Amino acid sequence: MLGYLLRRTAWGAATVLGVLLFLFALFFLYATPQDVARRALGEKAPPEAIAQWLVNHGYDKPAVWNPADPLDTRLAEHLRRMLLFDFGRSDADDVPIAQRLRDGVGPSLSVTLPLFTLGLPLALSLALLVAFFRETYIDRVGVVLCVLAMSVSVLVYILGGQYLLGKLLRWFPISGFDPAPSVLLRFVALPVLVGLLAGVGANVRFYRAVFLEESGRDYVRTARAKGAGDARVMARHVLPNALIPVLTNVVVEIPFLFTGSILLESFFGIPGLGSITVDAIQSNDFATLRVMVYLGALLFIAGQVLTDVAYTLVDPRVRLG
Amino acid sequence: MEGHVLGNAFAAAIVLLAALAAWRLRASAFWRERLGEIARRRPIATVVVALYLGVALLDSVAWRDAQPGEASVEARSLLDRAFPADFRERSYSAPLAAVEFYGGAALAHPGRHLLGTDILGRDVLHLALGGARVALLIGGLTSLIAIPLAIALGLAAGYLGGRTDDLVFFLLSTLASMPSILLLVALIMVIGRGPVQVCLALAVTSWVNFCRVVRGETLKLRELDYVSAARALGVSELRIVWRHVLPNLSHLVVITFVLTFSQLVLSEAILSWLGVGIDGSWGQMIDQARDELARDPIIAWNLGAASAALFGLILAVNLVGDALRDVLDPHTLRERT
């Protein structure tokens, strides 16, 4: 057991290293420091300004190999900073990135947390309902609705939601954010609703498939032979066993709790991490973008390692070989 | 090389590949029967997909009218030629309107714009139809890059195992662990904007899916009796992979391709919104129309046309993809009976 946990963690650490090397190749080798400086300062920046900018941002060091001091390279600097969470300053406006992240986590969580805690039970219960009535009209209509919902672009959901609920019905403010608890709900409600609608189709369909696959197993037939009713079979036998694939699907979404939904945040004017990312894209801020990709990957990998550990607790069949 | 020459080459390549595939598939009773089954199950969706493909191909074949001395004439596609040459207004006009939306000045083509015109006076129907070519480009070019690479690496990993497998699996998990939209944006910002770059970035994120499918299936197939039998008969490893493994996972690649296609087109819409998409895509039309719902009176035809065109294609592809999975994948077949 311990050996398995250690191996799994080591694999996770190797993947983090892989991500860091990939980011290094992309942002430091493929995009040369000269490119980055010119994008930050503009095409007509004088050479001295560019040279000074390179020194300030640590882009002046040799890329991989420095004969004088092997640790004084951009690669070593990149790895050291990322692993110690010392993210430095933004390429665009010299604001410390860590400060931005601290400011952004709260607003991001205020949208994604309700989205997650409402979305999961909603999708699971709808999927249970549809699976319970399998091969009836309820099932068929449900599946058609899911496919229809999946085929609409997120952009259309957002624009439509803003127009219908914000402008036409005036239920919610169209966009904006205020962390004061009394008004927070009003600003967060619309993005959460739109997010729920945009995600529910694909999730219900996936969970339905999982439930149907479990319903075909031998233990379900046994339970039925013992005289368990349809509802009992679903709730007591199928649901607990289906939770393993569900868990995998859920853990994949955890990084997005923190990194936020890029689209929802920037459309609804929520100053979270998603908005920071969009600003970074629009201002050619490579340093911030790099950090966001890294943090997203780090959370994802941590989530995966945790799921695998959880598997060993939940499912005795998982072999630790 | 010029844009329209590349476009023509791309269209020719697609038609050629499709013809080749059709010729190969006709020879096989399995594929003939299964593909016929899909058309029977989802007749409307199949026709819709074919229509989109047809429009996309019409828009891909372009040439410049020979006009010596006028070098600035743009190449016009077959689709462009279905519309009058100067089918433009000065600004917004409602569908089938005779006058401009704001101000009420007379239009150059009153009552001819079926879906109205956008802020620059371009015909919305024309733009919406043109988006089909971009969608095909996104799906087609991306798959052309991603699938061969994924098959080669997936086969190598699954069949050879050992170090090769570890390496490929490491590559897969590294790429899969980065949030895909962020990775796409990062790639496009670094390698530059443009249709080919966007497809390249999409290929980097989507080959992971294909490769995982191919690797997993190869791991299963290489243990099967007929592969052992072939090996016992002294068939070379390369030939085993080519003749016995590859054909038996081709249906999975087809299913993954169709199911990935809609994801690619939807991803591009998000990229367009983030400002790094492909010119002329539906995503870009939606992006340009995003402030129009806030106008009073509202302008809905731009957003409506682009969303409807996008929705129609994605829905049809999703339906065909589902039917394809049901028909081709023995796993789901077993579950139905």
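All heavy atoms count here, side chains included; hydrogens, waters and symmetry mates do not. Throughout, a chain's letter reflects where its sequence line sits, starting with A, and its residues are numbered from 1. Owing to the predicted nature of the structure, the values given are computational and were not obtained by experimental measurement.
Both the backbone and the side chain of B/Leu315 have a heavy atom closer than 4.5 Å to some heavy atom of chain A. With a 4.5 Å cut-off on non-hydrogen atoms, A/Leu159 touches chain B through its backbone and its side chain both. When heavy atoms are compared at a cutoff of 4.5 Å, A/Val278 approaches chain B solely by way of its side chain, counted from C-beta outward. Heavy atoms closer than 4.5 Å to chain B are found in both the backbone and the side chain of A/Leu148. For chain B, the nearby part of A/Val156 is the side chain; its heavy atoms alone come within less than 4.5 Å. Interface remark: B/Leu266 contributes side-chain atoms only to the contact with chain A (heavy atom separation under 4.5 Å). In this structure, chain B has a heavy atom under 4.5 Å from the backbone of A/Ala280, while its side chain stays farther away. If you measure heavy-atom distances from A/Phe286 to chain B, the contacts under 4.5 Å come from the side chain alone.
With salt bridges taken as basic N to acidic carboxylate O contacts below 4.0 Å, one links A/Arg205 and B/Asp322. Using a 4.0 Å cut-off between charged side-chain N and carboxylate O, A/Arg134 and A/Asp139 make no salt bridge.
Judged by distance alone, the side chains of A/Asp285 and A/Ser90 do bring a donor and an acceptor atom under 3.5 Å apart. Using modelled atom types, one finds a donor on one side chain and an acceptor on the other under 3.5 Å when comparing B/Ser272 with B/Ser281.
With sequence neighbours left out, the ring-ring contact (aromatic ring centres under 6.0 Å, His included) criterion links A/Phe24 to A/Phe28, A/His78. With sequence neighbours left out, B/Trp301 forms a ring-ring contact (aromatic ring centres under 6.0 Å, His included) with B/Phe101. Listed by chain and residue number, A/Asn249 satisfy the side-chain hydrogen bond (donor to acceptor under 3.5 Å, both in side chains) test with A/Tyr207 (two or more places apart in sequence, or in another chain).
Contact check for A/Phe267 versus A/Val194: no side-chain heavy atoms found under the 4.5 Å cut-off. Residues B/Gln263 and B/Asn209 form no side-chain contact, since every pair of their non-hydrogen atoms from C-beta on lies 4.5 Å or further apart.
No more than 12 heavy-atom neighbours from other residues, nucleotides or ligands sit within 6.0 angstrom of CZ on A/Arg221. For B/Ile44, the CD1 atom counts as loosely surrounded, since its 6.0 Å shell holds 12 or fewer non-hydrogen atoms of other residues, nucleotides or ligands.
Per-residue counts of heavy-atom pairs under 4.5 Å with chain B were compared for A/Ile301, A/Leu26, A/Leu289, A/Val152; the largest is that of A/Leu26. The candidate from A/Gly18, A/Ala297, A/Gly160 with the greatest count of non-hydrogen atom pairs under 4.5 Å with chain B is A/Ala297. Most heavy-atom pairs under 4.5 Å with chain A: of the set B/Leu183, B/Val317, B/Leu319, B/Ile270, this distinction falls to B/Ile270. Residue with the most contacts toward chain A among B/Val276, B/Leu310, B/Leu187: B/Leu187 (heavy-atom pairs, distance under 4.5 Å).
Contact residues of residues 165-176 of chain B toward chain A are B/Asp166, B/Phe169, B/Phe170, B/Ser173, B/Thr174, B/Leu175, B/Ala176 (heavy-atom distance under 4.5 Å).
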Requested in this report: Show the numbers, then the answer: is there a side chain to side chain donor-acceptor pair (under 3.5 Å) between B/Thr205 and B/Ser180?
Outcome: CA-CA 6 Å; B/Thr205 55; B/Ser180 66; over 6 Å; no
